[in-house]
Structures are given as structure tokens and as C-alpha cells.
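Notes for the one structure printed next.
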Amino acid sequence: MSETAQLKIGDKTFELPVIEGTEGEKAIDISKLRDQSGYVTLDIGYKNTGATKSAITFLDGEKGILKYRGYSIEQLAENASFIEVAYLLIYGELPKEQELADFQYQISRHTLVHEDMKKFFDGFPSKSHPMGQLSSLIGALAAFNPESLKPGLSAGEVNLEIMKLLAKMSTVVSWIYKKSLGHPVVYPQNKYDYVTNFLYMTFAERTEDYKVDRVVVDVMNKLLILHADHEQNCSTSTVRIVGSSDANLYASISAGISALWGPLHGGANQAVIEMLEKIKNDGGDTDKWIAKAKDKNDPFRLMGFGHRVYKNFDPRAKIIKKACDDILEKLGINDEVLEIAKKLEEVALKDPYFVERKLYPNVDFYSGIIYRALGFPTEMFTVLFALGRLPGWIAQWKEMKANKEPIGRPRQIYTGDTDREYKDIKER
Ligand code: CMC
């Protein structure tokens, strides 16, 4: 007989089904609880609530395990290309040679964006944040692809929109960078693979010959793979919940980009470098800043530290730290903030405040130092996170549709005033 949980409220007992995932985690299914008992459950911030069943990404925060479709992040980061991982996340299997070639070819057919999209850049103030630009430009793609708004798209039609979005995202991201410099945009070269093409559009100049450096391509592939999915985090849950209203793919991803922007989520990579710079300019006294992070009367937090799920270590941070050392050495860069970051980590990992709260460096702690070494300005860091996360968002959106999930609509416990009499404005 399958396992159940019993919930006793007053003199009544309710039987609740227990469901088990393939990696052994268990959940109490409360979906019928309100119908049976009149009670809802309350879990602010969803700290203990599963919002869906998903076969895409598994993570074990206690053991520091992260797997995409059953493959460990360590193996994927070491051996795969970003586009291979995108295929894996979206279609569930690692592609065979021909499948990968077809996938790349299909994407390459859609790398151009409508020329009128460039007019948006005339409207953005020169100092506007790249994430604000990205979210609006990706939302605008729906307006440039009205066929994507048709209700009841076939699987083939949905797939076409997925190809378009994957292709155009990298062009849009590189154009945001070019426009921030006031430079002319560089058009895609479809002879290149996805990541090479992105770097080419970003760093090539019309005035010079440009050769994409393999070392840079490799580290960029690794970074994008490490960011490609992370189960039901804030932005991914946003993508699923927006998509559950039957909103189109572009609108759903644009909403996810906005969610990612926050400094407690993807915006942390920018915040980390800004913090490290501040510490450097303040004389590099890491003890002082650790003390500030611990002080409950000081709003300062050690950015790039802590995670809702990882309570042991973040496996992505381990890989990134090593990649950071490697790339700085290969490019012959000596970045003072890397030393500050290592010192902060060393001090924090021994400090009881951080140890007791299980706060470890997360994916964002070292990634910014790599982006900076590659030549990206700080404000572009979260945009790069979004580029990496795109296949995960798409896979999750597609899964939510395939599972025919109902519209996302949480309950609440109302704590406001009860009945009040309307008073005329002069009498208030
Ligand atoms: N510095 C100082 N104290 C911290 C930090 C930090 N970075 N993170 C958590 N704490 C403390 C927090 O004050 C609380 O202390 P107490 O129990 O005394 O009140 C305790 O640790 C638990 O923190 P929490 O905020 O309740 O934990 P959470 O699971 O709600 O938040 C987090 C997780 C990632 C938002 C948080 O750790 C944080 O703000 N970190 C800094 C921002 C950051 O690096 N974000 C990137 C996350 S990884 C990438 C991504 O998600 O995109």
C-alpha cells in the first residue's frame, strides 16, 4: 500500500497521499486538503513547498549535488558545449552528432533580429541598465512574431519559437553591449557555433579583423552551462507561473528576466564585484566587512554568499573558482579583487556566524571575476546569467505546457481590516 501522512485538526484526521521523486525525496500532497478540511497551508517564500513535479534538474542542497536530466554538473561542465546542454535540457536527451548539427543549423536560421528592433535602443536612456533593456527587448519579440500569439500552437510551431528565441537572445545580448559602448552592432556569422557567434558579435569591431580565442570560448561555454538551469528558483518559477496563464513564450521569458535581475537572485553577480571593488577601495580590510555582514543593524550582506537550497556547498561555485584561477592565469591577468574574494571566503568559512547558518560561496561569488577578465562590464553580468539560464527557462516552460499544469494561483491568509463603513472624504 502506498504511504500516506495523517494530519489531525481538532478531532478530525485527514489522510494525505505521500509522493516520492526518483531521487527519493518525499512530499505530502495537500492539493485536496482545503476541499476536505477547509484549511490551506501557509509557507511564505515557498521554503517548504513543491510547486510542481519536474524531470529536468535535480539538486540536493545538503550533499551539494546538481544534475541536469541525470547528468552531473561536473561531467557536463567538463565535457559538453553549452548548446549540447541546451538540447539536453529542452529535449531530455544528449543529442547524437546529427541531432546536434541539425539543432545548431536550425538556430542559425534565426539569428537575425528585425531591423526595427534597433529603434528601441534610440529610446533607452544612454545609462539604462542592460537588464531593463533585455527584458523589454525579449518581451518585444512577441510583437515581432505575432504568429507566436495564436492559441493552440502545434508542437512544431512551439519548437520554431524556441529556435527563434535561442537564436535571437544571443544577438540581442551582444547588441545591448555594443549599444552601451555607442558602437555599431555586429551581425551574426552563422558559420560559427552558438557561443563563438555570441563572442564574435560582442567583441568583434567593424574596424579590425577579429579572431575568437578558444580559451575564451571554452570558459564561456562552461559558465553558461553552470547557469543553464537550477530547478524552481525565483525566475524559473516566474516563467512557469506566467506561462501557466497561457502567456506566450517571449512574455514568459521576459518576466523571468525581470525576476532574475534582483540582487538576491541573478543580480548578485554584479553586486559581488561592486562589493569587492568597494572593499578594495576601502583599504581591503576583509575583517571589517565580515563584521558588517554579521551586524544585524547593518543592511550589508556578503553578496555571493548563502543559498536557499545549498547548505553545504554550491557545486557550481567549486567549478567556477577553479575556472577563475585557470582563465586568469591563461590570460595573464592579475586581478586584485580575486585576492580579496579568496580572503573573504577563507575568513567567512571559519567564522561561526557563517558556519552556523551554513553560508557558503554561491555561483555568483567568482563568476563576475571571470566575466570581467573576458572584458564584460559589470552591468552586463546578469545579462550573461540570463543568456545561460535561457535553455532552462525554455525547458521548464515546455514541461509545464506538456504536463498541462493549471494556472498558478496561490492562496493567502487575509490579515487586513474586516468590515468598515465607507465615509465621505470630508469626514475622514
Ligand atoms: N550575508 C550575511 N548574512 C546572511 C547572508 C549573507 N550573504 N545570507 C544569509 N544570511 C543570514 C541571514 O541574515 C539569516 O540570519 P538570521 O538567521 O540570524 O536571521 C540567515 O543567514 C538565513 O538567511 P535567509 O535570508 O533567511 O536565507 P534565504 O534562504 O531566505 O536567502 C539568499 C538566501 C541567497 C537570498 C541569501 O543567502 C542572500 O541574500 N545572499 C546574498 C545574495 C546572493 O548571493 N544571492 C545569490 C544566490 S545564488 C544565485 C541565484 O539564486 O541566482
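Here the structure is a predicted model, which is why all the values come from computation and not from measurement. All ligand and atom numbering here is 1-based and tracks the order in the structure.
The two atoms that bring Gly368 and Ile273 nearest to each other are C-CD1, 3.8 Å, heavy atoms only.
Stacking of Lys401 on the aromatic ring of Trp397 is recorded, both the 6.0 Å distance cut-off and the 45° axial limit being met.
Distance check on atom 31 (O) of ligand 1: every protein heavy atom falls at or beyond the 4.0 Å cut-off. In this structure, atom 12 (C) of ligand 1 has a protein heavy-atom contact shorter than 4.0 Å. Closer than 4.0 Å to atom 1 (N) of ligand 1 lies at least one heavy atom of the protein.
Any N or O atom pair closer than 3.5 Å counts here, and Arg316 shares no such pair with ligand 1. Checked against a 3.5 angstrom limit, the closest N/O atoms of Met303 and ligand 1 fall outside it. Ligand 1 has a nitrogen or oxygen under 3.5 angstrom from a nitrogen or oxygen of Leu302. In terms of polar-atom proximity, Lys311 is not counted as a contact of ligand 1, lacking any N or O under 3.5 Å from an N or O of the ligand.
Between the side chains of Thr57 and Asp229, at least one donor-acceptor pair of N or O atoms lies under 3.5 Å. Checking Gln133 against Ser128 by side-chain atom types alone, a donor-acceptor pair falls below 3.5 Å. Side chains of Gln232 and Thr52: no donor on one and acceptor on the other come within 3.5 Å. Between the side chains of Glu405 and Ser244, no donor-acceptor pair of N or O atoms lies under 3.5 Å. Counting only N and O atoms by type, the side chains of Asp43 and Thr49 include a donor and acceptor under 3.5 Å apart.
Interface of Asp364 with ligand 1, defined as ligand atoms under 4.0 Å from a residue heavy atom, comprises 46 (C), 48 (S), 49 (C). Counting atoms of ligand 1 from 1 in the listed order, those under 4.0 Å from a heavy atom of Gly266 are 52 (O). If you number the atoms of ligand 1 from 1 as listed, the ones under 4.0 Å from a heavy atom of Phe385 come out as 52 (O).
In this structure, Phe376 has its ring center at least 6.0 angstrom away from the ring center of Phe381. The distance between the ring centers of Tyr310 and His230 falls below 6.0 angstrom.
Across the listed options Lys292, Arg301, Arg308, Arg301 owns the non-hydrogen atom lying nearest to atom 39 (O) of ligand 1. In the candidate list Arg357, His307, His230, Arg357 is nearest to atom 16 (P) of ligand 1, counting heavy atoms. Of the candidates Ala293, Gly306, Pro361, the one placing a heavy atom closest to atom 34 (C) of ligand 1 is Gly306. For atom 3 (N) of ligand 1, the nearest non-hydrogen atom from the set Phe354, Phe305, Phe365, Tyr353 belongs to Tyr353.
Here Val272 has no heavy atoms under 4.0 Å from ligand 1, in either its backbone or its side chain. The part of Leu359 lying near ligand 1 is the side chain, judged by heavy-atom distances below 4.0 Å.
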